[in-house]
There are 2 protein chains.
Amino acid sequence: MAKTLKKYNYAVIATDIVILTIIKQKLQVLLIKMKKVPYSNNFWAAPGGLVKPDESVDNAAKRQLAQKTGVKNIYLEQLYTFGDVNRDPFGRVVSVAYFALIPSDNVNLKTTKDYGDVQWFPMDSLPKLAYDHKKIIEKANNRLQKKLEYSNIAYSLLPKEFTLTQLQRSYEIILKRRLDKRNFRKKIFSVNLLKKTNKIQRGSANRPAALYEFSKKTAQMVSIL
Amino acid sequence: MAKTLKKYNYAVIATDIVILTIIKQKLQVLLIKMKKVPYSNNFWAAPGGLVKPDESVDNAAKRQLAQKTGVKNIYLEQLYTFGDVNRDPFGRVVSVAYFALIPSDNVNLKTTKDYGDVQWFPMDSLPKLAYDHKKIIEKANNRLQKKLEYSNIAYSLLPKEFTLTQLQRSYEIILKRRLDKRNFRKKIFSVNLLKKTNKIQRGSANRPAALYEFSKKTAQMVSIL
DNA sequence: ACAAAAGTGTTATAAGTACACCCATGG
DNA sequence: CCATGGGTGTACTTATAACACTTTTGT
């Protein structure tokens, strides 16, 4: 990626993907350890790479996402394009950043086992980041927080079936504030997004919780909070 | 722009700017007549051009905006990046689209006089558009409508001093629906965005209107409608 | 029987919506 | 004096916010 860029007269395009999920009651970001100078190996970066001449930018993002996670049917949306001249020390690269949400339960299976240098980091204790990836990740975090309030994207963070408390926790973790249980349920039901399964979650030393699923698993604009 | 691109192995970057204003009670878009094949001269496009290797994408957008309008201090925000493989018949060009808002009163002075092939078109009767610019302009229109409801960007469409009715009309024109005068004023005042000047607008055959100005002329997130 | 999370309504406050008349001016 | 847009308040409806106890399970 690095040296080859010098010969271009114009900027070239890359994508970077901020992959988010919830693990251990924390919002986490998938990062890859940097190897190239000038970034010592204490630096990490969101996965990304150049857009090929025969693929759309969206497809480049999908390709890189699939490579890194192995998971399919992931929520992916364009975030913002970062085009400062010196954002990449290896050359003039403009990055179209995306953000992706993957369900908590799919997570432990893939990724971290193949590469020792791919790792989840909690959003609130990120390592040193290469390029302008700090800015990119912050923007992804903001977008996620806003979008949670006016859309149903939470579906892409949860397993197929889940309890109302799990759903509420996801909101609380991302928004960083506690929500009232009764008001939360009232609101969620009023927007008709959930379908009650007839299953319940047993096994914990308390009253079992009803399991729900999303009735629509495509992005919908609905005001939730 | 055209032939030179073939030699690049990767996509190159351009910006396109959707410049919007209100003229004659209509939301209008600034377009430039196309000359190059395969677009006959019935095709128009939003102004744009390649990003130079030594300028940021934001600066490229500002530069092109200044060239086309001659106006300074214009509201400009990144809209979305369009990266389909075949969006540009001249080569593999990824476009970072921006949208700009310019005040109604600055408008008549510049632009249209210098170039016969630069022209304002009402949003609701656009000509044939080159590239994917129809999609881009639609996206700009959507963004503007949404943003009007949760921010103060209206300031960038109005002259320094304006009447409440002028402000309300701007909202109505962009949102394509009538608003209640009293409720509109109540809301606008409640968010503390306006400052009453001690001037009034005379000259029309009716009671003169008080002139207001925005107290903050930078983008603010406030829920207005 | 106890600990732990599930589940469930009501009241108060704030925000949004609908609606009609008088006022000040220029011609 | 009349046509035109400017300016103002109230009642109703809907949404949001605060708040506590009973239920069901596993150990």
Side-chain angles (χ1 to χ4, degrees), chain A residues 22 24-25 104 145-146 148-152 158-159 161-173 175-213 221-225, chain B residues 22 24-25 104 145-146 148-152 158-159 161-173 175-213 221-225:
Chain A
I22 293 176
K24 294 192 183 143
Q25 303 288 76
S104 336
Q145 289 184 346
K146 296 233 179 72
L148 210 58
E149 307 209 348
Y150 67 83
S151 83
N152 65 340
L158 289 160
E161 300 178 333
F162 51 87
T163 69
L164 291 175
T165 301
Q166 273 180 278
L167 180 61
Q168 187 182 334
R169 288 283 171 278
S170 305
Y171 273 81
E172 291 175 339
I173 288 162
L175 298 177
K176 290 179 178 297
R177 61 175 212 262
R178 295 303 302 265
L179 302 173
D180 179 88
K181 199 205 303 192
R182 281 171 290 190
N183 293 339
F184 181 79
R185 290 173 184 222
K186 205 186 307 171
K187 195 67 214 274
I188 285 287
F189 288 135
S190 80
V191 296
N192 275 339
L193 236 44
L194 298 187
K195 204 164 60 180
K196 200 171 189 169
T197 68
N198 44 19
K199 305 177 195 166
I200 55 173
Q201 188 176 71
R202 294 191 156 275
S204 52
N206 52 30
R207 177 168 173 176
L211 286 169
Y212 291 80
E213 58 186 0
M221 294 301 125
V222 286
S223 163
I224 289 175
L225 296 186
Chain B
I22 293 176
K24 295 193 183 144
Q25 303 286 75
S104 335
Q145 289 183 345
K146 296 231 180 76
L148 211 56
E149 307 208 348
Y150 66 83
S151 84
N152 66 342
L158 289 161
E161 300 180 332
F162 50 87
T163 68
L164 291 174
T165 302
Q166 273 180 280
L167 180 61
Q168 187 181 335
R169 288 284 170 278
S170 305
Y171 274 80
E172 291 175 337
I173 289 162
L175 299 177
K176 288 181 179 300
R177 62 176 212 262
R178 293 305 300 264
L179 302 172
D180 179 87
K181 199 203 304 191
R182 281 171 291 189
N183 294 339
F184 181 78
R185 290 174 184 221
K186 204 187 306 173
K187 195 68 214 273
I188 285 288
F189 289 134
S190 80
V191 295
N192 276 338
L193 237 44
L194 297 187
K195 202 163 62 180
K196 198 170 189 169
T197 69
N198 45 20
K199 306 178 196 166
I200 55 172
Q201 187 177 70
R202 295 192 155 273
S204 53
N206 54 31
R207 177 171 174 176
L211 286 168
Y212 291 80
E213 56 185 4
M221 295 300 125
V222 286
S223 163
I224 290 177
L225 294 187

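Order of the sequence lines sets the chain letters (A, B, ...), proteins ahead of strands, with each chain counted from 1.
Each of B:Asn206 and B:Leu211 lies near DNA chain D, and the nucleotide nearest B:Asn206 is the one positioned closer to the 5' end. Each of A:Thr163 and A:Ala205 was assigned the nucleotide of DNA chain C with the nearest heavy atom; the assignment lying further toward the 5' end belongs to A:Ala205. Ranked by how close their nearest DNA chain D nucleotide is to the 5' end, A:Pro208 and B:Arg169 are led by B:Arg169.
A side-chain donor-acceptor contact under 3.5 Å links B:Glu172 and B:Gln168.
The shortest distance between the side-chain N/O atoms of B:Thr165 and the OP1/OP2 oxygens of D:dG6 is below 4.0 Å. Distances shown here put every side-chain N or O of B:Lys181 at or beyond 4.0 Å from the OP1 or OP2 atom of D:dG7. For B:Arg207 and D:dT4, the shortest distance from a side-chain N or O to OP1 or OP2 is not below 4.0 Å.
When the C1' atom is used for both C:dC22 and D:dC2, the distance is 15 Å, rounded to whole Å.
Taking 4.5 Å as the limit, some side-chain heavy atom of B:Leu167 sits within range of a side-chain heavy atom of B:Leu194.
The CZ atom of B:Arg178 sits 11 Å away from the P atom of D:dG5 (whole-angstrom rounding). Rounded to whole angstrom, the span from the CD atom of B:Gln201 across to the P atom of D:dT4 amounts to 18 Å. For the pair B:Gln166 CD and D:dG5 C1', the computed distance is 13 Å after rounding to whole Å.
When DNA chain C is scanned 5' to 3' for any atom under 4.0 Å from a heavy atom of chain B, the first and last hits are C:dG16 to C:dG26.
Here the straight-line distance linking atom OG1 of A:Thr197 with atom CZ of A:Phe162 works out to 9.5 Å at 0.5 Å rounding. Atoms CZ and CG, on A:Arg185 and A:Leu179 in that order, are 12.0 Å from each other to the nearest 0.5 Å. Between the CG atom in B:Leu211 and the OG1 atom in B:Thr163 there is a gap of 7.0 Å [rounded to 0.5 Å]. Between A:Leu193 atom CG and A:Glu213 atom CD the span is 12.0 Å, to the nearest 0.5 Å.
Counting only residues at least two apart or on different chains, the ring-ring contact (aromatic ring centres under 6.0 Å, His included) pairs with a member in residues 186-211 of chain A are A:Phe189-A:Tyr212.
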Verdict with supporting geometry, A:Glu149 and A:Lys187, salt bridge (Lys or Arg N to Asp or Glu O under 4.0 Å)
CA-CA 11 Å; A:Glu149 307 209 348; A:Lys187 195 67 214 274; over 6 Å; no
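Judged by distance alone with a 3.5 Å cut-off, no donor-acceptor contact links the side chain of A:Lys186 to the base of D:dT14.
Relative to the side chain of A:Arg202, the nucleotides D:dG26, D:dT24, D:dG5 differ in distance, and D:dG26 lies closest. Set against D:dG7, D:dC19, D:dT25, the side chain of B:Ala209 has D:dG7 as its closest nucleotide.
Less than 4.0 Å separates DNA chain C from no heavy atom of any residue of residues 190-197 of chain B.
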